[in-house]
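These notes are about the structure you will find just below.
If you read the sequence from its start, that first residue is 1, and numbering goes on from there.
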Amino acid sequence: MENQNQDEFKKELGLLDGTMLVVGSMIGSGIFIVSADIARQVGSTGWLILIWLLSGIITMIAAVSYGELSAMFPNAGGQYVYLKEAYNKLIAFLYGWSFFAVIQTGTIAAVGVAFSKFTAYLIPAVSDENILYEIGSFKLNVAQIVSIITIIFLTYLNTRGVKNSKILQTILTIIKILSISGLIIFGFTLAAKASVWNANWSDAWAPHAFDKETGSWMPIGTTALITGISAAMVGTLFSSDSWTGVTFIAGEIKNPKRNVGLSMFLGTLIVTIIYVLTNLMYVAVIPLSEIAGAKSDRVAVVASQYIFGDIGTLIIALMIMISTFACNNGLIMAGARVYYTMANDGLFFKKAAQLNNASVPAWALWAQCIWASVLCFTGKYGDLLDFVIIIVLIFYILTIYGIIRLRKKIPDLVRPYKAIGYPFLPLLYILIASAVCVSLLFVKFSTCGWGVLIMLVGIPVYYLIKEKD
């Protein structure tokens, strides 16, 4: 049954489409706002750049390691399939459960919230301060409604077939890359000042904490620095996430054994370069205290005002609207393929295993849409980030350790591509990601703890489903 359904997917995506899906899904709104929080947490230019670089490098390590798995199992479902093959159905189900409950839908909601946040620059009426309804601590605002409308529209577009969403994804991602590149180039050529650059780098590795009320810096010790780095890396790792989306749609990629892994490598490389260059531009244009104290963390808006004057705010708002729209299109397209594969294994609603006339899992797309829309009501962008990132990291660790397990479990299986730097690089990723996870549980237990709890609730759910089978 699984193979029969698998063949119904149309292989319409090439290497460019795969790479654009990776880049488009990775670059959302993070690069435009996250640097403010990092600057407040670590208070030094050196650490700010290093955190972005470190996140990029470990993401690339994960991507080149995943290449081995994507070449071995070039089917729809990606990470879910890898975990099932390396461990068992329970671990795979916990991933799929978390993916639906928090990871993919929470990310779609966070990106949708970011879209409406910046739309408010152009249309003030859609601000999150425009409250429509209030009961107790719950407030319904216009921004949430706008987020949900965009999620519904993109879901509808994706139910019409992969071709339309592929064209939209590629066009918007190319616009996104060109516009960010333009911002970097204009930043360095029009607004960079030697005095700002030199001041920002004068004490580059001395960590400080930033007091937003007074706008002053206070030196911090090693323990506070480690805590600050962990908290700061939530934003950078989230901004560097979603590169696995191309593995979920492997069933629709031409020559998946080559193109899935290559798309992940090229995509993560392009995004890492863009992120580091953007932050170097920030510190060439904006004093560090202004990066840390940016209103609503909108660092890119501050940079754009330095570069383009008053119209800079509108330029950035448009860029982020395009960026987040393309990001959510990629997330929505990729996510439904996981539920489709789970349903084929009897671990999700049966209807999710059905493809519509356009050869896409429409029922799974709408189920994802409904839950992501509900999550738009639950919290702010930062809370959704904390909620998601800890579970994402836990499953990345398990998946990359799965490469080592599979080398022992099925050594004779053909591996068209092997993980670069094996076993050193995969183990390095596991070590760094584990340290970040442990640190997050200490630093942000109130939000990260809920994320872990939701994942663990999947265990009894799995056995309930198994009994019904």
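- Using a 4.5 Å cut-off on side-chain heavy atoms (C-beta onward), Gln368 and Thr155 make no contact.
- The closest side-chain heavy-atom distance from Met319 to Lys176 is not below 4.5 Å.
- A distance of 11.0 Å separates CD1 in Ile307 from CD1 in Ile185, rounded to the nearest 0.5 Å.
- Residues Trp243 and Tyr66 bring their aromatic ring centres within 6.0 Å.
- With contacts defined as side-chain heavy-atom distances shorter than 4.5 Å, the pair Leu54/Met233 qualifies.
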Take Ser70 and Thr247 through the side-chain hydrogen bond (donor to acceptor under 3.5 Å, both in side chains) test and state the conclusion after the steps.
CA-CA 7 Å; Ser70 68; Thr247 67; over 6 Å; no
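- Looking at Asp297, its side chain never comes within 3.5 Å of a backbone N or O of Asp37 through a donor-acceptor pair.
- The aromatic rings of Phe348 and Tyr339 lie parallel to each other, their planes meeting at an angle below 30°, with 60° marking the opposite boundary.
- Other residues, nucleotides and ligands contribute more than 12 heavy atoms inside 6.0 Å of the NZ atom of Lys11.
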For Ile397 and Cys437: C-alpha separation, side-chain torsions, deciding distance, then whether side-chain contact (heavy atoms from CB on, under 4.5 Å) applies.
CA-CA 10 Å; Ile397 292 163; Cys437 279; 4.2 Å; yes
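- More than 12 heavy atoms of other residues, nucleotides or ligands sit less than 6.0 Å from atom CH2 of Trp366.
- For Phe210, the CZ atom sits in a packed shell: over 12 heavy atoms of surrounding residues, nucleotides or ligands are nearer than 6.0 Å.
- Judged by distance alone, the side chains of Gln144 and Ser116 never bring a donor and an acceptor atom under 3.5 Å apart.
- Side-chain contact, Ser165 with Asn329: no donor N or O sits under 3.5 Å from an acceptor N or O.
- In this structure, Ile370 CD1 and Ile152 CD1 are separated by 9.0 Å, a value rounded to the nearest 0.5 Å.
- Residues satisfying the ring pair (Phe, Tyr, Trp, His ring centres under 6.0 Å) test with Tyr401, not counting sequence neighbours, are none.
- Between the side chain of Asn141 and the backbone N or O of Ala143, at least one donor-acceptor pair lies under 3.5 Å.
- Summarising the geometry of Pro361 relative to Ala352, their closest heavy-atom pair is CB-O, 4.0 Å, with the distance given to 0.1 Å.
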Result block: side-chain N/O donor-acceptor pairs under 3.5 angstrom for residues 91-100, not counting sequence neighbours:
| from | atom 1 | to | atom 2 | distance (Å) |
| --- | --- | --- | --- | --- |
| Tyr95 | OH | Gln79 | OE1 | 3.1 |
| Trp97 | NE1 | Ile454 | O | 2.7 |
| Ser98 | OG | Leu94 | O | 2.7 |

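- For the pair Met333 and Val162, the minimum side-chain heavy-atom distance is below 4.5 Å.
- Inter-residue side-chain proximity for Gln104 and Val338 is flagged as unmet; no heavy-atom pair is nearer than 4.5 Å.
- For the atom pair CD1 (Ile322) and CD1 (Ile180), the distance works out to 10.0 Å, reported to the nearest 0.5 Å.
- Ring geometry for Phe325 against Phe153 counts as parallel: the plane angle stays under 30°, on a 0 to 90° scale with 60° as the upper cut.
- Within 6.0 Å of CD1 in Ile311 there are 12 or fewer heavy atoms belonging to other residues, nucleotides or ligands.
- Closest approach of Gly245 to Ala334, counting heavy atoms only: O-CB, 3.5 Å.
- Between the Thr324 side chain and the Val111 main chain, no donor and acceptor come within less than 3.5 Å of each other.
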Stepwise side-chain contact (heavy atoms from CB on, under 4.5 Å) check, Met72 with Tyr417:
CA-CA 8 Å; Met72 287 164 70; Tyr417 165 92; over 6 Å; no
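- Under the 4.5 Å side-chain criterion, counting only non-hydrogen atoms from C-beta, Cys376 is in contact with Ile151.
- With rounding to the nearest 0.5 angstrom, the OG atom of Ser55 is 9.0 Å from the CG atom of Leu50.
- Counted by atom type alone, Trp52 and Ser239 present zero donor-acceptor pairs between their side chains at under 3.5 Å.
- Residues Ala300 and Ile316 approach most closely at O-CG1, 3.4 Å, considering heavy atoms.
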Going through the checks in order, is the side-chain contact (heavy atoms from CB on, under 4.5 Å) test met by Val436 and Ile390?
CA-CA 9 Å; Val436 173; Ile390 184 118; over 6 Å; no
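- Side-chain atoms of Trp371 come within 3.5 Å of backbone atoms of Ala101 as a donor-acceptor pair (strictly under, hydrogens ignored).
- Ion pairing between a basic and an acidic side chain is recognised when a charged N comes within 4.0 Å of a carboxylate O; Glu12 and Lys254 show no such pairing.
- At a cut-off of 3.5 Å, with distance as the only test, a side-chain donor of Tyr306 or Glu290 sits close to an acceptor on the other residue.
- Using a 4.5 Å heavy-atom cutoff, the side chains of Ile51 and Val42 are in contact.
- Scanning both residues, Thr313 and Ser304, for their nearest heavy atoms gives N-OG, 4.5 Å.
- The backbone N or O of Leu237 sits nowhere less than 3.5 Å from a side-chain atom of Asp241 that would complete a donor-acceptor pair.
- Counting heavy atoms of neighbouring residues, nucleotides and ligands inside a 6.0 Å radius, atom CG of Asn88 exceeds 12 of them.
- Judged purely by distance below 3.5 Å, without hydrogens or angles, the side chains of Ser439 and Ser230 pair a donor atom with an acceptor atom.
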Output, in order, the C-alpha distance, side-chain angles, deciding distance and verdict of side-chain contact (heavy atoms from CB on, under 4.5 Å) for Leu375 and Val102.
CA-CA 9 Å; Leu375 291 179; Val102 179; over 6 Å; no
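- Residues meeting the side chain to side chain donor-acceptor pair (under 3.5 Å) test with Thr244, sequence neighbours left out: none.
- Within the model, atoms CD1 of Ile31 and CG of Leu277 stand 9.5 Å from one another, a figure rounded to the nearest 0.5 Å.
- Remark: side-chain polar atoms of Asn255 are not paired, donor with acceptor, to backbone N or O of Asn259 under 3.5 angstrom.
- Considering CG of Asn279 and CD1 of Ile184, their distance stands at 9.5 Å, rounded to 0.5 Å.
- Judged purely by distance below 3.5 Å, without hydrogens or angles, the side chains of Thr268 and Thr59 never pair a donor atom with an acceptor atom.
- The side-chain tip of Arg298 points at the ring of Phe118 from less than 6.0 angstrom away and within 45° of straight on.
- Put simply, the side chain of Thr150 gets close to the backbone of Ser147: a donor and an acceptor are under 3.5 Å apart.
- Contact between Ile286 and Val302 at its shortest, heavy atoms only, is CG2-CG1, 3.9 Å.
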Please report the C-alpha distance between Ser242 and Ser25 in whole Å, then the side-chain angles of each, then the deciding distance to 0.1 Å, and finally whether the side-chain hydrogen bond (donor to acceptor under 3.5 Å, both in side chains) criterion is met.
CA-CA 6 Å; Ser242 302; Ser25 299; 6.0 Å; no
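- The minimum heavy-atom distance linking Asn328 with Gly112 is given by the pair ND2-N, 3.5 Å.
- Between Gln169 and Asp17, the closest side-chain pair of non-hydrogen atoms is not below 4.5 Å.
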